[in-house]
Amino acid sequence: MKAKIRVGIPRGLLYYKHKVLWTNFIKELGADPIISPETNKEILNNGIKHSIDEGCLSSKIYMGHVDWLRNRVDYVFVPRVASYSKNDQTCVRLFALPDIVENTFYGIKLLKYNLDIQNGKTEKVEFLKLGLKLNKNIFTVISAYKKAKIRQLEYEKGQEARQIKLLENVGKLKILIASHSYNTYDKLIGFPVKHYLEKLNTEVIYADRVSKNNAIKASCKISKSLYWSHNQEILGAVELYKDKIDGIILLTTFPCGPDSLVNDLCIRKIKNIPIAYILIDELQGEAGMHTRLESFVDIISARKGVTRCR
Amino acid sequence: MQIENKVTFPRLGNYHIPISTFVEKTLNAKVCVSPAITKRTIELGTKHSPDFVCVPFKYNIGNYIEALENGANILIQAGGGCRFGYYGEVQEEILKSLGYEFKFFNINDRKFKPLRYYELLKKINSKLTFRKFMYYFYLIYKQIFAIDKIEDYIRKNIGFEINKGDFENVEKRFLVELKKTEKIRDVNNIFTKYITLLKKIPINKPKNCLKVGIVGELYVLIEPFSNYFIEKEMASYGIEVQRYINISYLFFSRKHKKSRTLKLAKPYLQYDIGADGVDSVAHSKELAKKGFDGIIHIKPFGCMPEINCMPILQRLSQDYKIPILYFSFDSQTSETGVKTRLEAFYDMLSMRKNLNSPLAPL
């Protein structure tokens with residue numbers, strides 16, 4: 001029997017957003033998706049070694065994951081996601097991912113698709129092209145895409161429903177982590193923050209578990225000319241949840257391009273909710289962050305007139 | 001009493017001349033050109049900007065504040081592919097929170113469409129006719145073209161002038177006269193007059209002089225203050241400098257050449273990497289093929305498209321055996337550091353050129 005093709009998916013950047021779609025699509029085509037492990041110090045260090053020092057921490061971590069995968073799999077899956085609709089685009093760093101990976105790891109075999117609605121590259125066609133590389137049967141590819149897409153939508157809806165339930169929960173303080181999903185769920189960036197907030201007996205709300213269309217509409221109330229779709233979602237979540245939450249944490253990696261402007265605008269425009277702006281770089285020690293989070297939670301509880309149980 | 005309208009815009013090299021002519025003629029408004037960039041400009045800008053935003057943002061804020069102090073009350077900002085497109089909204093918010101009163105016009109276009117500008121200008125000045133608009137549009141096109149041609153010639157030859165300061169004097173006189181032009185014929189006359197004047201300046205250019213290309217991000221390339229006058233510094237070593245990016249390239253020829261640039265950048269690039277990234281790669285490859293001695297790549301700190309193209313340039317540098325020097329400018333970069341690195345780069349290049357030295361290419 002022929003061995004299954006192993007396709008490596010780096011656990012970084014857009015993986016957290018599209019993971020169900022990607023893994024299911026590859027699985028349905030009869031290949032074996034291999035996801036790199038949770039980020040650890042070694043992956044981070046390898047990532048730093050293989051990237052430009054001025055790139056953002058999230059992209060350095062991504063390079064670390066690619067480095068971990070490249071000798072263990074047949075193909076590494078590095079898509080280019082440039083725009084989701086006619087009038088938005090993603091971060092410019094994501095534009096160049098396949099090119100950067102190919103030029104850094106010379107001779108690496110990539111699987112990629114190019115989602116760029118502004119230039120007429122739709123998701124369906126691009127997935128078809130991608131699928132035909134793994135499986136020659138076009139009908140299998142189409143049905144695989146459909147199945148994977150449905151599962152992705154179901155997953156997103158489930159996440160959203162669960163979060164709405166959490167928001168109705170009155171007892172605890174609710175804190176929104178307003179950050180890109182690749183920062184929120186990363187083991188080194190967002191996980192310590194989330195873990196510590198839970199330890200302080202607060203409920204953590206995620207900015208990306210919100211209906212995408214509603215969020216983008218809501219973001220127009222804060223900023224009209226914003227065109228980064230991921231930031232639109234985050235800002236929209238802030239706008240949608242603003243009456244239901246007690247505090248916002250803006251979690252950013254250094255030096256994230258879009259966030260540098262959007263967070264500044266967010267702090268200037270949103271007045272009646274406490275906001276903590278936490279900037280994380282590769283040298284982060286946890287003690288400083290703990291102090292900041294603790295004092296932030298203290299301030300919120302003092303505002304609400306609740307004493308925090310220790 | 002009605003307050004007089006005074007329009008201002010961020011400064012960029014010498015291009016405030018065509019832009020202010022255009023605004024004056026089409027809007028019938030007074031232009032208050034922000035004062036030339038000094039240390040104070042960047043200090044003001046840094047004070048009021050987000051921490052790690054790219055440096056053009058800080059210069060722009062500084063420009064606006066200084067112009068507002070001089071009485072400007074209409075601000076114009078453009079927009080582009082990377083973070084630049086979002087500058088306007090944040091800058092408006094920052095300046096409002098500082099207590100200034102002004103109107104802000106954000107011309108945020110991904111694509112260059114002159115007709116849309118006409119509609120926008122028509123809203124402000126209802127007397128503007130389309131013919132007039134086109135005439136002045138063509139006039140500033142000619143002005144920009146003249147500035148770029150003259151600067152390009154100066155860049156290539158200023159390092160070899162025999163009497164120090166000749167080129168600068170002519171350039172200054174050219175800019176003063178260009179400011180006064182109101183007709184296309186005048187612009188043409190001035191251009192031919194000064195280009196012949198420039199060509200008459202005695203130079204002593206050896207045949208195999210060092211040739212260095214300069215690529216990178218648009219703002220720091222064009223605004224000499226923001227790159228610590230790197231081109232002048234290079235000229236003082238006797239280097240011929242080649243630069244592709246200028247406003248006439250950006251506005252009038254890049255759009256037609258977009259797919260061509262991408263083709264030029266192959267096999268290093270397959271996709272657009274945002275803003276000027278593709279141009280940087282394509283031009284570096286062209287420079288390497290033409291046999292230039294070195295490339296200098298400059299960018300503001302954290303510039304996303306240029307960071308994207310850096311790993312690619314590194315590989316290009318290995319493949320073509322061409323040295324590339326990377327500079328990254330922020331509000332605090334000290335001038336001495338830039339000079340030292342540039343001097344070392346120059347020494348290395350001249351040793352490489354000398355075939356007897358151990359650094360010579362095999």
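Numbered from 1 within each chain, the chains take letters A, B, ... in sequence-line order.
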- [ ] Can you tell which part of A:Cys91 gets under 4.5 Å to a heavy atom of chain B, answering side chain, backbone, both or neither?
- [x] side chain
- [ ] Among the options A:Asn263, A:Asn114, A:Thr104, pick out the one with the most heavy-atom pairs lying under 4.5 Å from chain B.
- [x] A:Asn114
Open item on the list: Can you tell me how far apart OG (A:Ser225) and CD (B:Gln77) are? Round to the nearest 0.5 Å.
Closed with: 10.5 Å
Task: Atom pair CZ (B:Arg315) and CG (A:Asn103), whose distance is rounded to the nearest 0.5 Å - done: 5.0 Å
Task: Straight-line distance of A:Asp99 CG to B:Asn308 CG, nearest 0.5 Å - done: 9.0 Å
Open item on the list: Under a 3.5 Å distance rule, please check whether B:Tyr86 uses its side chain to pair with a backbone N or O of A:Pro258 as donor and acceptor.
Closed with: no
TODO: With a 4.5 angstrom heavy-atom cut-off, could you sort out which part of A:Thr252 is near chain B: side chain, backbone, both or neither?
DONE: side chain
Task: Nearest non-hydrogen partners of B:Pro311 and A:Ile100, listed with the distance - done: CG-CG2, 3.9 Å
TODO: Sort out for me which of A:Cys256, A:Cys56, A:Ser51 touches chain B most, counting heavy-atom pairs under 4.5 Å.
DONE: A:Cys256
- [ ] Take atom NZ of B:Lys263 as the centre, draw a 6.0 Å sphere, and report whether it contains more than 12 heavy atoms from other residues, nucleotides or ligands.
- [x] no
- [ ] Kindly write out the residues that satisfy side chain to side chain donor-acceptor pair (under 3.5 Å) with A:Glu126, not counting sequence neighbours, or none if the list is empty.
- [x] A:Lys129
- [ ] Could you tell me which portion of A:Ser223 (side chain, backbone, both or neither) has an atom closer than 4.5 angstrom to a non-hydrogen atom of chain B?
- [x] both
Open item on the list: Using only atom types and a distance under 3.5 Å, with no angle test, would you say the side chain of A:Glu54 pairs donor to acceptor with the backbone of B:Gly302?
Closed with: yes
TODO: Check whether any side-chain heavy atom of B:Ile273 sits under 4.5 Å from a side-chain heavy atom of A:Val92, and report yes or no.
DONE: no
Task: Heavy-atom contact with chain A under 4.5 Å, split by part of B:Tyr326 - done: neither
TODO: Determine whether more than 12 heavy atoms belonging to other residues, nucleotides or ligands lie under 6.0 Å from atom NZ of A:Lys133.
DONE: yes
Open item on the list: Is it true that A:Ser260 and B:Arg83 share a donor-acceptor pair across their side chains at a distance under 3.5 Å?
Closed with: yes
Open item on the list: Quick check for you: to the nearest 0.5 Å, what is the distance between A:Phe254 atom CZ and B:Asp51 atom CG?
Closed with: 8.5 Å
Open item on the list: Walk me through whether B:Tyr271 and A:Phe95 qualify under ring-ring contact (aromatic ring centres under 6.0 Å, His included).
Closed with: CA-CA 8 Å; B:Tyr271 305 113; A:Phe95 280 28; over 10 Å; no
Open item on the list: With a 4.5 angstrom heavy-atom cut-off, is it the side chain or the backbone of A:Lys121 that approaches chain B, or both, or neither?
Closed with: neither
- [ ] Pick one of side chain, backbone, both or neither for A:Arg93, based on which atoms fall under 4.5 Å of a heavy atom in chain B.
- [x] both
Open item on the list: Is B:Ile94 close to chain A through its backbone or its side chain, or both, or neither, when contacts mean heavy atoms under 4.5 Å?
Closed with: both
Task: Full working for salt bridge (charged side-chain N to carboxylate O under 4.0 Å, His left out) between A:Lys224 and B:Glu89 - done: CA-CA 8 Å; A:Lys224 269 188 191 132; B:Glu89 199 173 344; over 6 Å; no
Task: Option in B:Phe301, B:Tyr87, B:Phe57 with maximal non-hydrogen atom pairs under 4.5 Å from chain A - done: B:Phe301
Task: Approximate separation, where rounding is to 0.5 Å, of B:Glu306 CD and A:Ile52 CD1 - done: 11.5 Å
Open item on the list: Just verifying a value: how many Å separate A:Leu261 CG and B:Gln91 CD, rounded to the nearest 0.5 Å?
Closed with: 8.5 Å
Contacts under 3.5 angstrom, residues 8-17 of chain A side chains, donor-acceptor by atom type, not counting sequence neighbours:
unit_1	atom_1	unit_2	atom_2	d
A:Arg11	NE	A:Ser36	O	2.8
A:Lys17	NZ	A:Glu233	OE1	3.0

Task: Check: B:Ser49 main-chain N/O paired with A:Asp264 side-chain donor or acceptor under 3.5 Å - done: no
Task: Heavy-atom side-chain contact between B:Asp272 and A:Arg80 under 4.5 Å - done: yes
Open item on the list: Among A:Leu226, A:Asp116, A:Asp259, which residue has the highest count of heavy-atom pairs closer than 4.5 Å to chain B?
Closed with: A:Leu226
TODO: Evaluate the side-chain proximity of A:Glu102 to B:Gln270: yes if any heavy-atom separation is below 4.5 Å, no if none is.
DONE: yes
